[in-house]
Amino acid sequence: MDKKVRVRFAPSPTGGLHLGGVRTVLFNYLFAKHFGGDFILRIEDTDQTRFVEGAEDYIFECLKWCGLTPDESPLHGGPYAPYRQSERKEIYRQYAEQLLKDGHAYYAFDTPEELDAKRKEIPNFQYNHQHRLALRNSVSLTETETAKLLEKNVPYVIRIKMPDNEEVRFTDMIRGEVNFHSSQTDDKVLLKADGMPTYHLAVVVDDYLMKITHAFRGEEWLPSAPVHVLLWKYLFGLENMPHWAHLPLILKPDGNGKLSKRDGDRLGFPVFAMNWTDPRTNDFAQGFRERGFLPEAFVNMLAVLGWNDGSEQEIFTMTELIQKFSMDRVHKGGAKFDYEKAKWFNHEWIKRLPVSSLLLPVKRLFEEQGIAIDDEEMFAKVLELVKDRCTLLPDFVQQASFFFKLPETIDIASIKPKWDDKKNQFFMELIRAYELTTLWQHDELEKELKEMAAAHQIKSGELMAPFRIMLVGGKFGPGVFDIAEIIGREETIARIKHTLQLVNL
RNA sequence: GGAGCGUUGGUCAAGGGGUUAAGACACCUCCCUUUCACGGAGGAAUCACGGGUUCGAUUCCCGUACGCUCUACCA
């Protein structure tokens, strides 16, 4: 590649960032970094009616959490600022005017109401070569009529004049050669009545001005690609056009169709990267982050949804992804999102990440549950012990809170039916034995219990369940003797005594 | 309706003219573990359908079906 690779992610700040959006960012980022290029974040906020307070900050926060930091953005600045399209409003008009001058665009004076009426009246109505002569625009009107309307400040839009008969083709990095016939696309609005550009104009002007070399976006954009290709041809030359790639969609797990927030609500999994509350409706959606996903896992899971490196490897660090990513290994077909698999990735990452990097987020979760952690060293030991059985971060609280406080409930009902004097005697004696144990260490504790069981002629298996319940409150958690070792002599004995009292009531 | 894109087990997918059609998730069975996990062993697909091309197609070509996306002064 001769030019420095420059890619952009261009979201509109209208709500939370969903899986598909994050994956688009990710593929952009990986591609750019693979080639040592730049990753630009551009905010496409040309529709003022859809602007949502806080959405832009949310996007930055998401990218930060995922570790996908832009090289240039409204926040980070850069040589092609401003990076917010609303602040670039004046720039677009001159290009619209150039198109006008060259006969590739025209003024249209039809009101939205008139067009609505047309759509009702004529089936499959399109503002195109077939109908534009019958509408109010600078093609159908004489020059003086047009001039008069403009002079009277009659609101207008500028539309592209799609050629009636032209093959529009381009090469998509994922799909190969793609063809469209120009007559199939209508005369898209380029500049709105409020003077703002539509996406179609803004995207090509900004990609040109910001020297974008590769443009990746969701597959839903494919049908409007011919408009963009034509604009490139008219304005900047096809030879300067970025290479396109239209990414496959992320589909809902059941049935078909694009994954939406509703599917997440319905099926019980997040769809947004982080918590998002719509400020207008107060509609809340939980994010992957708050659900207890690690950013490493979230990114990994997204990367292999529609891409793989051809090997059997599934777990990738960001560094490996950057090294191995290539657009020609991206799948063409959409992929159904599988939440179970997503959790598996998190589980894998919890298992392989050193405890040191889990410490902080998990500690926070404990504290949120009112469990203070003062002994960091013990905390680390506990996490190491339980991490194999934690899929999501909050599982740590469930799996390990009993290390730091008395179990909230003790499953007496499971002990009682098989409880007898013999066992009671046994545990009384175990307490005495444990009081004297010199080496408080799990092997030693296990040995003592088993020897004593033999002496009492009780199968040690019958003792394990009650002992576990005494220490953790239920039938779960890591090895009992490991637990005893960590919580210590005093606490172990106290818990045995406590349960003994309850059982003997 | 039109245009475009897509279609390998339930899901993610590798592969690509001749293979026992990888692997992972989920599921089932078993082993390990006197809890639950982790770990280990095993189980299931003829590649949407129909035509070609070919000695031979899941793999190439053409149709059909099905699905999706778009069809706004939204992105």
Side-chain angles (χ1 to χ4, degrees), chain A residues 10-14 21 44-47 49-50 85 108 110-112 115-116 119 123-128 155-159 172 174-175 178-181 183-186 188-200 202-203 217-226 246 248-249 251-258 301 304-315 329 331-345 347-348 351 386-391 395 399 411 414 450 453 459-465 467-469 472 474-480:
Chain A
S12 52
T14 53
E44 309 228 339
D45 56 349
T46 54
D47 187 356
T49 64
R50 295 214 309 163
Q85 289 183 332
D110 321 86
T111 65
L115 293 177
D116 276 347
R119 289 192 187 98
N124 303 322
F125 171 82
Q126 295 265 277
Y127 208 120
N128 60 13
Y156 65 85
V157 300
I158 296 176
R159 309 186 88 109
D172 185 283
I174 295 171
R175 288 150 220 287
V178 184
N179 288 290
F180 291 89
H181 196 86
S183 65
Q184 296 299 333
T185 308
D186 59 348
K188 295 282 181 222
V189 171
L190 263 19
L191 204 73
K192 299 185 258 190
D194 64 3
M196 275 288 192
T198 59
Y199 172 83
H200 303 109
V203 73
R217 66 219 317 190
E219 190 187 332
E220 69 268 26
W221 287 106
L222 206 40
S224 53
H246 290 86
L249 266 15
L251 278 14
K252 57 183 74 184
D254 57 341
N256 295 295
K258 244 197 320 189
M301 174 274 285
V304 297
L305 199 57
W307 172 86
N308 71 82
D309 75 337
S311 77
E312 285 179 13
Q313 186 175 352
E314 291 200 89
I315 304 295
R329 289 203 61 88
H331 235 250
K332 293 181 177 68
K336 288 186 184 179
F337 176 66
D338 182 355
Y339 185 55
E340 291 305 317
K341 184 86 186 220
K343 283 196 296 194
W344 177 80
F345 277 104
H347 194 15
E348 287 301 308
K351 280 190 293 180
V386 303
K387 69 178 195 173
D388 279 4
R389 57 198 79 212
C390 295
T391 298
D395 293 345
Q399 287 291 329
D411 186 9
S414 293
K450 286 192 171 165
K459 276 193 267 179
S460 60
E462 287 183 50
L463 269 6
M464 298 305 283
F467 190 31
R468 164 174 298 281
I469 290 169
V472 314
K475 293 183 207 167
F476 60 92
V480 249

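We name chains A, B, ... by the order of the sequence lines, and we start the count at 1 in each one. Just so it is clear, the values below take in all heavy atoms, side chains as well, and ignore hydrogens, waters and symmetry mates. The structure presented is a predicted model; accordingly, all values stated were derived computationally and were not measured.
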Colleague: Whole Å only: how far is the CD atom of A:E340 from the P atom of B:rC12?
Modeller: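 After rounding, the gap between these two atoms is 14 Å.
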Colleague: Hey, which of these two, A:V178 or A:K450, hits RNA chain B nearer its 5' end, going by closest nucleotide?
Modeller: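 Between the two, 5'-proximity favours A:V178.
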Colleague: Strictly by Watson-Crick or wobble contacts shorter than 3.5 Å, is anything paired with B:rA72, and which nucleotide is it?
Modeller: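 In the structure as shown, B:rA72 has no Watson-Crick or wobble partner.
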Colleague: Considering only the P atoms, how many Å lie between B:rG2 and B:rU58, rounded to the nearest integer?
Modeller: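 It comes out at 32 Å once rounded to the nearest Å.
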Colleague: Let's test this: given Watson-Crick or G-U wobble pairing with both distances under 3.5 Å, identify the partner of B:rC5.
Modeller: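 WC or wobble partner is B:rG67.
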Colleague: Given B:rU11, B:rG39, B:rC74, which nucleotide is nearest the side-chain atoms of A:D47?
Modeller: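 Of the options given, the side chain of A:D47 lies nearest B:rC74.
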Colleague: Quote, to the nearest angstrom, the C1' distance that separates B:rA75 from B:rG39.
Modeller: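 One C1' to the other, the span is 48 Å.
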Colleague: Under 4.0 Å between a side-chain nitrogen and a carboxylate oxygen: does that hold for A:D47 and A:R50?
Modeller: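 A:R50 and A:D47: salt-bridged.
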Colleague: Which nucleotide, in any strand shown, forms a Watson-Crick or G-U wobble pair with B:rU33, with both distances under 3.5 Å?
Modeller: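 Per the H-bond distance test, none.
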Colleague: Would you please name every residue forming a side chain to side chain contact (heavy atoms under 4.5 Å, CB included) with A:K459, sequence neighbours left out?
Modeller: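 If we apply the side chain to side chain contact (heavy atoms under 4.5 Å, CB included) test to A:K459, skipping adjacent residues, the hits are A:E462.
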Colleague: Angle between ring planes, A:Y339 versus A:F337, binned at 30° and 60°: parallel, tilted or perpendicular?
Modeller: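 Aromatic pair A:Y339/A:F337 classed tilted.
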Colleague: Taking NZ in A:K332 as the centre, count heavy atoms belonging to other residues, nucleotides or ligands within less than 6.0 Å. Is the count above 12?
Modeller: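 No, NZ of A:K332 has 12 or fewer neighbouring heavy atoms, counting only those of other groups under 6.0 Å.
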Colleague: Where the side chain of A:K336 is concerned, which of B:rC12, B:rG23, B:rA37 is the nearest nucleotide?
Modeller: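 The nucleotide sitting nearest to the side chain is B:rC12.
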Colleague: Both A:V480 and A:E314 contact RNA chain B. Which one's nearest nucleotide lies toward the 5' end?
Modeller: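 Its nearest nucleotide lies further toward 5', so the answer is A:E314.
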Colleague: What orientation do A:H200 and A:W221 show, parallel under 30°, tilted 30 to 60°, or perpendicular over 60°?
Modeller: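 Judged by the thresholds at 30° and 60°, the geometry between A:H200 and A:W221 is perpendicular.
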Colleague: Could you tell me the separation between the CZ atom of A:R389 and the P atom of B:rA37, rounded to a whole number of Å?
Modeller: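 Taking atom P of B:rA37 as the reference, CZ of A:R389 is at 9 Å.
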Colleague: Would you compute the distance between atom NZ of A:K258 and atom CD of A:E219 and round it to the nearest 0.5 angstrom?
Modeller: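 Here the rounded value is 10.0 Å.
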Colleague: Taking the C1' atom in each of B:rG52 and B:rG17, what is the distance between them to the nearest angstrom?
Modeller: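 The answer is 15 Å between these two C1' atoms.
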Colleague: Just by protein heavy atoms under 4.0 Å, how would nucleotides 67-73 of chain B read 5' to 3' in B, S and -?
Modeller: SSBSSSB
Colleague: Please state the P separation for the pair B:rU46 and B:rU53 - nearest whole angstrom.
Modeller: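 The same atom, P, in both gives a distance of 26 Å.
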Colleague: In whole Å, measure the gap between the C1' atoms of B:rA24 and B:rA14 for me.
Modeller: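 Between the two C1' atoms, the distance is 11 Å.
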Colleague: Within the structure provided, determine whether A:P248 and A:R175 are in side-chain contact (heavy-atom separation under 4.5 Å).
Modeller: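 Of all side-chain heavy-atom pairs linking A:R175 with A:P248, at least one is under 4.5 Å.
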Colleague: For B:rA14, does either OP1 or OP2 sit under 4.0 Å from a side-chain N or O belonging to A:H331?
Modeller: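 Yes, because at least one side-chain N or O of A:H331 sits under 4.0 Å from OP1 or OP2 of B:rA14.
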Colleague: Have a look at A:V304 and say if it touches a base, only the backbone sugar-phosphate, or nothing, with a 4.0 Å heavy-atom cut-off.
Modeller: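 Here A:V304 touches the backbone only, sparing every base.
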Colleague: Would you say A:N124 reaches B:rG2's phosphate, i.e. side-chain N/O to OP1/OP2 under 4.0 Å?
Modeller: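 A:N124 to B:rG2 OP1/OP2: no side-chain N or O under 4.0 Å.
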Colleague: Find the partner of B:rU53: check Watson-Crick (N1-N3 plus N6-O4 or O6-N4) and G-U wobble (N1-O2, O6-N3) distances, both under 3.5 Å, and reply none if neither fits.
Modeller: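 No nucleotide pairs with B:rU53.
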Colleague: Rounded at 0.5 Å granularity, tell me how far CD in A:Q126 sits from CZ in A:R119.
Modeller: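 Spacing of CD (A:Q126) from CZ (A:R119) equals 8.5 Å.
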Colleague: Rounding to the closest angstrom, what is the interatomic distance between B:rC27 and B:rU11 at atom P?
Modeller: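 So the two P atoms sit 16 Å from each other.
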Colleague: Given the P atoms of B:rA13 and B:rA48, what is the spacing between them in whole Å?
Modeller: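 Their P atoms lie roughly 15 Å apart.
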Colleague: Is there a Watson-Crick or G-U wobble partner for B:rA13 with both distances under 3.5 Å, and if so, which one is it?
Modeller: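 When the pairing criteria are applied, nothing turns out to pair with B:rA13, so the answer is none.
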Colleague: Compare the minimum distances between each of B:rA13, B:rA3, B:rG39 and the side chain of A:F180, then state the nucleotide with the smallest one.
Modeller: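 Between B:rA13, B:rA3, B:rG39, the one nearest the side chain of A:F180 would be B:rA3.
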Colleague: Give me the distance, rounded to whole Å, that separates B:rG51 from B:rA57 when you measure between the C1' atoms they each carry.
Modeller: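 The answer is 13 Å between these two C1' atoms.
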Colleague: A:F337 CZ to B:rC25 C1': how many Å, rounded?
Modeller: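 Those two atoms, CZ and C1', are 12 Å apart.
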Colleague: Is any side-chain heavy atom of A:Q85 closer than 4.5 Å to one of A:P197?
Modeller: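 No. Closest side-chain heavy atoms not under 4.5 Å.
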